[in-house]
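For clarity, every value in this text was computed on a predicted model and none was experimentally measured.
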Amino acid sequence: QEINMRHTIIEKKVEPELWTNPVPVHPEEIPVLGKEDYEGRMARLWEMPQAEGYDTIVIYGDREHFSNVDYFTGYDARWEETLLILPRHGRPGILVGNEGIGYVKKVPVEIDVEFFQTFSLMGQPDDRSPRLKEILEKRVVYEGGKIGVIGFKAYGPSRHTIGGLITDVPHYMIETLCQVVPRECLENATLLMADCQYGLKHCVSAKEIVIFEVAGTRISRGVLNCLRNLKPGMRELEASRFCQFDGSPANMHPNINFGEKNVALGLNSPTEWEQLEYGMPIGVGYGLRGSLVHKCGMYLRDRNDLPAEKSGYIDGFLVPYFDNVASWHEMMRIGTSCGDIYEMVDRELGLGKFGCTLNPGHLTHTDEWTNSPFVKGGQVKVASGMAFQCDYTVTCHDPFMSAHVEDGLIVAGEGLRKEVAALSPGCWERIQKRRDFIIRELGIQLPEEVLPLSDLSCVCFPYMADLGTVLACG
């Protein structure tokens, strides 16, 4: 397949003020989601035409799959499972275990807390709460309609052979629910949260944008600091300390990887033993709720550090990839079909040719990958309020080469942009400085509706031991 490039790509020396004199994050400008926000989300759920016909919606959560319960309550399950029960009419209820019974007090909305010790860790006291059936009989309202069940994924029936309800909510919970309401009234309702077009989490508010931007700021500055401090002989775990991790909840395991083996694993945590050398592939990245930054390439001072078998890495591999990432961002306009963006990536770069096994980008929220509209023939259009990750790794296996330029962005119409600017002037200033750098220095014609969340947005380092050189559109 022939590579078709839209831009002339050059190597460019940069020293952006974005990095040398960054706009600080002031805590007083970071909004806190409160009672009115969560109640508003519940109200919008029941206003959705797709929610018509549901009497009650039951939402499952656990430590890994916290996001949907958290969305309506601010309660992000830690050690235990949880169930949130939202009747169309009546007070919501939430089931928590021994350690959740104290933590659930953080929930700002009026909600009935049901103590269900079975959600507690094994071996803990389990003798003071009713059985699940008794709680569900009290809380689940059934008036002859449907009961929505939200786990963390929706499933196409063509890939399964069991028929009926297909859900990842634990079996015993579903079977107990079927003792309370007819089995045939249960329906997987996860798309209410995660459908690419109408899912609630895919239309973020100004408050969410500011919160996600603060996350992206912290992550990108940590990744940049880590890259600045890399030295030959350094071990992965040692390097990871320069990422400036704070106590904020993560949305992924940090990836600080050196060498072909560890970079090829894709998801590996930093190790004690792999040491950095010039000419190695490397990857540095991590994520907080609402944003993720990852940069992958070769640890080079210049082209002389390239192994002979990888002499084509920059011109034949990295340059076409960066050109395509630039085109991806330039197409990110309200009304553009995500299927067209997919077709552009496949036609001009080649998903198969460049080893892209996943979608060229996806939607995000507090959970890192909610869904992806970037599919062949996709009809979903880019809309104001969508939060995206530009996320498609290119890989060659013989010889092994890999590159990744991943950062988050929000698409925001004029009204939403004005809200963000008024809510947090510091956030808006950081976004504008990023846009200025991307447009003026990197030569990418970024649409006005694109709000970059990362100080490293669109940045591709051809030599990851020389952060003063980047690829740009000439």
With a sphere of 6.0 Å drawn around [atom1] of [X], does it hold more than 12 non-hydrogen atoms of other residues, nucleotides or ligands?
| X | atom1 | value |
| --- | --- | --- |
| Gln432 | CD | yes |
| Arg63 | CZ | no |
| Lys105 | NZ | no |
| Arg159 | CZ | no |
| Trp79 | CH2 | no |
| Gln244 | CD | yes |

When you measure from the side chain of [X] to the backbone of [Y], do you find a donor-acceptor pair of N or O atoms at a distance under 3.5 Å?
| X | Y | value |
| --- | --- | --- |
| Ser220 | Asp455 | yes |
| Arg221 | Trp19 | no |
| Asn229 | Asn225 | yes |
| Thr336 | Met331 | yes |
| Trp328 | Val345 | no |
| Asn68 | Tyr60 | no |
| Ser120 | Asn98 | yes |
| Asp168 | Phe152 | yes |
| Arg430 | Pro24 | yes |
| Tyr299 | Leu230 | yes |

Regarding [X] and [Y], does a basic nitrogen lie under 4.0 Å from an acidic carboxylate oxygen?
| X | Y | answer |
| --- | --- | --- |
| Glu99 | Arg78 | no |
| Arg289 | Asp76 | yes |
| Asp112 | Arg91 | yes |
| Glu429 | Arg434 | no |
| Glu441 | Lys12 | yes |

| message | Tell me which one of Lys35, Arg41, Glu36 satisfies side chain to side chain contact (heavy atoms under 4.5 Å, CB included) with Tyr38. | response | Arg41
| Knowing that exactly one of Val293, Leu292, Ile219, Asp391 qualifies, which makes a side chain to side chain contact (heavy atoms under 4.5 Å, CB included) with Asp407? |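 Single side chain to side chain contact (heavy atoms under 4.5 Å, CB included) partner of Asp407 among Val293, Leu292, Ile219, Asp391: Val293.
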Between atom [atom1] of [X] and atom [atom2] of [Y], what is the distance when rounded to the nearest 0.5 Å?
| X | Y | atom1 | atom2 | result |
| --- | --- | --- | --- | --- |
| Glu114 | Thr82 | CD | OG1 | 11.5 Å |
| Ser248 | Leu288 | OG | CG | 5.5 Å |
| Asn324 | Leu351 | CG | CG | 8.5 Å |
| Ile209 | Ile410 | CD1 | CD1 | 5.0 Å |
| Gln50 | Leu200 | CD | CG | 9.0 Å |
| Ile147 | Thr56 | CD1 | OG1 | 4.5 Å |

| query | Do Phe354 and Tyr321 make the cut of ring centroids closer than 6.0 angstrom? | reply |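 When the ring centroids of Phe354 and Tyr321 are compared, they turn out to be at least 6.0 Å apart.
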| task | Report the residue from Thr366, Asp195, Thr370, Asp367 that forms a side-chain hydrogen bond (donor to acceptor under 3.5 Å, both in side chains) with Lys201. | result |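 Only one option passes, and that is Asp367.
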| request: Show the numbers, then the answer: is there a ring-ring contact (aromatic ring centres under 6.0 Å, His included) between Tyr71 and His365? | output: CA-CA 10 Å; Tyr71 183 84; His365 199 263; 5.7 Å; yes
| said: Against the six-membered ring of Tyr54, is Arg88 placed for a cation-pi contact (under 6.0 Å from the centre, within 45° of the normal)? | reply: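 No - Arg88 does not lie over the ring of Tyr54 by the 6.0 Å and 45° rule.
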| Within 45° of the ring axis of Phe258 and under 6.0 Å from its six-membered ring centre, is that where the NZ or CZ of Arg235 lies? | no
Indicate whether the side chain of [X] and that of [Y] have a donor and an acceptor atom separated by less than 3.5 Å.
| X | Y | answer |
| --- | --- | --- |
| Glu330 | His7 | yes |
| Glu236 | Ser240 | no |
| His329 | Gln445 | no |
| His65 | Asp62 | yes |

| request: Of all the heavy-atom pairs spanning Cys226 and Cys243, show the shortest one and how long it is. | output: CB-SG, 3.7 Å
| request: Could you check Asp323 against Arg6 for salt bridge (Lys or Arg N to Asp or Glu O under 4.0 Å), going step by step and ending with a plain yes or no? | output: CA-CA 7 Å; Asp323 171 79; Arg6 298 189 181 193; over 6 Å; no
| field | Side-chain touch Leu86/Ile59, heavy atoms, less than 4.5 angstrom | value |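 Side chain of Leu86 against side chain of Ile59, heavy atoms only: contact under 4.5 Å found.
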| field | Residues which pass ring pair (Phe, Tyr, Trp, His ring centres under 6.0 Å) with His404, listed by chain and number, not counting sequence neighbours | value |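 Scan of His404 (ring pair (Phe, Tyr, Trp, His ring centres under 6.0 Å), adjacent residues dropped) gives His294.
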| request: Applying ring-ring contact (aromatic ring centres under 6.0 Å, His included), run through Tyr392 and Phe374 and close with a yes or a no. | output: CA-CA 11 Å; Tyr392 52 112; Phe374 300 105; 8.8 Å; no
| task | May I have the step-by-step check of side chain to side chain donor-acceptor pair (under 3.5 Å) for Ser205 and Glu208, ending in yes or no? | result | CA-CA 5 Å; Ser205 67; Glu208 288 170 294; 3.2 Å; yes
| field | Partners meeting side-chain hydrogen bond (donor to acceptor under 3.5 Å, both in side chains) with Lys13 (sequence neighbours left out) | value |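 Lys13 satisfies side-chain hydrogen bond (donor to acceptor under 3.5 Å, both in side chains) with Asp466, Thr469 once adjacent residues are dropped.
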